[in-house]
Amino acid sequence: MAKRFLNKIAVITGSTEGIGFSIAQRLASEGAKVVVSSRKQEKVTKAVEQLKAENLDCLGVVCHVGKEDDRKKLIEKTVEKYGGIDILVSNAATNPNFGNIFDIDESQWDKLFDTNVKSTFFIIKQAIPYLKQRKDSNVLIISSIAGYSPFQLIAPYSISKTALIGMTKAMAPYCSNLGIRVNCIAPGVIKTKFSQALWNDDKMFNETADCFMKRVGYSDEVASTAAFLCSNDASYITGETIVCAGGTNARL
């Protein structure tokens, strides 16, 4: 395993399981000090135990990204423990609605966009003062293939993920002037608990994702893509979204 992240500090939101945990695990295995977080203490504790069992350097912080004080605490505890931030991965997301696009109510809509879009923007804003102090720092946003080709059963979620693709483009010029790269990954249907409704049934998967490779993806495949984008191997890439979706259509 390459050691591309020696002496780097990485904060990953929504990282106690699924894609977020795999990204934390991959970055740490390449030498990074990683900070994992989620809303529940028991999940944070379990994730930290798993990483430490692999002799990986990590810190766990309970953080509800929808709460400003929690986001601030996550940043502050990272700086207190490790002295700075080199990499921020915004992965935390929610999907409170499943069904017809107009089945969603206003409170669900607000929760969806507060967590998936607003919180992503503001945790990046809160991290920028620390990221700009470091050399070769970067931000990685986790969107979804649904941001390009909306899934009808999770259409509002798809809209929120389209916004993240736009956010990546919008942030990149300003952040580039600070020496910070901003990129995005749009995973396809990945075999995680979060997306189980989309892959648990073959008929549902085939109807939802027109995937050339005819299979679901795995979180470590997204983590490999994340490791590339967060490393200096991607030093001339910013403002881009890489699709990791087995050939699923990705055109707006």
Side-chain angles (χ1 to χ4, degrees), residues 11-24 35-44 46-47 60-75 88-127 139-168 184-200 204 208-209 216-217 219 222 226 241 244-245:
V11 179
I12 305 101
T13 66
S15 51
T16 56
E17 57 189 11
I19 289 172
F21 181 77
S22 289
I23 292 173
V35 181
V36 295
S37 66
S38 72
R39 292 181 298 120
K40 297 181 179 179
Q41 180 65 63
E42 58 269 27
K43 289 188 175 183
V44 172
K46 181 181 178 182
V61 179
V62 174
C63 176
H64 186 316
V65 293
K67 298 179 179 179
E68 182 181 2
D69 288 346
D70 274 20
R71 297 193 303 266
K72 182 180 178 183
K73 179 182 68 175
L74 177 61
I75 300 296
L88 174 65
V89 180
S90 179
N91 175 68
T94 190
N95 181 38
N97 174 264
F98 193 83
N100 183 291
I101 186 171
F102 293 112
D103 285 345
I104 193 167
D105 62 35
E106 192 166 346
S107 64
Q108 290 174 322
W109 181 273
D110 288 344
K111 179 181 179 180
L112 181 69
F113 280 83
D114 279 353
T115 302
N116 296 5
V117 182
K118 177 182 173 182
S119 299
T120 296
F121 179 87
F122 282 102
I123 196 165
I124 293 169
K125 181 179 178 181
Q126 287 171 293
V139 170
L140 180 62
I141 296 171
I142 307 301
S143 178
S144 169
I145 189 65
Y148 285 102
S149 300
F151 294 173
Q152 289 306 297
L153 289 174
I154 50 171
Y157 172 86
S158 302
I159 296 167
S160 75
K161 291 298 185 173
T162 303
L164 296 182
I165 296 169
M167 186 185 297
T168 301
C184 182
I185 298 175
V189 178
I190 306 299
K191 195 171 186 179
T192 65
K193 182 179 178 181
F194 184 83
S195 63
Q196 187 171 357
L198 298 177
W199 56 259
N200 203 35
M204 173 75 74
T208 303
V216 297
S219 57
V222 181
T241 298
C244 182

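The figures here come from the full heavy-atom set of this structure, side chains too, leaving out hydrogens, waters and symmetry mates.
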- Query: How close do Gln126 and Lys72 get, heavy atom to heavy atom, and via which atoms?
  - Reply: NE2-N, 3.7 Å

- Note on the structure: To the nearest 0.5 Å, atom OG of Ser119 lies from atom CD1 of Ile124 at 10.5 Å

- Query: Judged by atom type as modelled, is there a donor-acceptor pair below 3.5 Å linking the side chain of Asn91 to the main-chain atoms of Gly14?
  - Reply: yes

- Test Ile19 against every option in Ile12, Ile190, Ile185 by the side-chain contact (heavy atoms from CB on, under 4.5 Å) rule and name the one that passes. Ile190

- Query: Can you tell me if Lys73 uses its side chain to pair, donor with acceptor, with the backbone of Val62 under 3.5 Å?
  - Reply: yes

- Taking the side chain as every heavy atom from C-beta outward, state whether Val44 and Ser37 have any atom pair closer than 4.5 Å. no

- Enter the distance from His64:NE2 to Leu74:CG here, rounded to the nearest 0.5 Å. 13.5 Å

- Message: Nearest 0.5 angstrom please: Asp70 CG to Ile123 CD1, how far?
- Response: 9.5 Å

- Query: Any side-chain heavy-atom pair from Glu68 and Phe122 closer than 4.5 angstrom?
  - Reply: no

- For Glu17, the option from Lys46, Arg39, Lys43, Lys40 that meets salt bridge (Lys or Arg N to Asp or Glu O under 4.0 Å): Lys43

- Message: Closer than 3.5 angstrom, by distance alone: can the side chain of Ser160 be matched with the main-chain N or O of Asn116 as a donor-acceptor pair?
- Response: no

- Message: Return the OH to CG distance between Tyr157 and Leu112, rounded to the nearest 0.5 Å.
- Response: 9.0 Å

- Item | Rounded distance [0.5 Å steps], CD1 in Ile142 versus OG1 in Thr241 | 10.0 Å

- Is it true that the side chains of Thr115 and Thr94 contain a donor and an acceptor less than 3.5 Å apart? no

- What closest approach, in Å, do Ala92 and Thr13 show between heavy atoms, and which atom pair accounts for it? N-OG1, 3.1 Å

- Task: Tell me, yes or no, whether the heavy-atom count around Glu42 atom CD, taken from other residues, nucleotides or ligands under 6.0 Å, exceeds 12.
- Result: yes

- Item | Under 3.5 Å donor-acceptor, Ser158 side chain and Phe151 backbone | yes

- Query: For the residue pair Gly147 and Thr162, what are the closest heavy atoms and their distance?
  - Reply: O-OG1, 2.6 Å

- Query: Would you say Asp69 has more than 12 foreign heavy atoms packed within less than 6.0 Å of its CG?
  - Reply: no

- Task: Measure the CH2-CG distance between Trp109 and Asp114 for me, rounded to the nearest 0.5 Å.
- Result: 12.0 Å

- Thr120 side chain to Ser90 backbone, donor-acceptor under 3.5 Å: no

- Counting N and O atoms only, with roles assigned by atom type, does the side chain of Ser143 sit under 3.5 Å from a partner on the main chain of Pro187, one being a donor and the other an acceptor? no

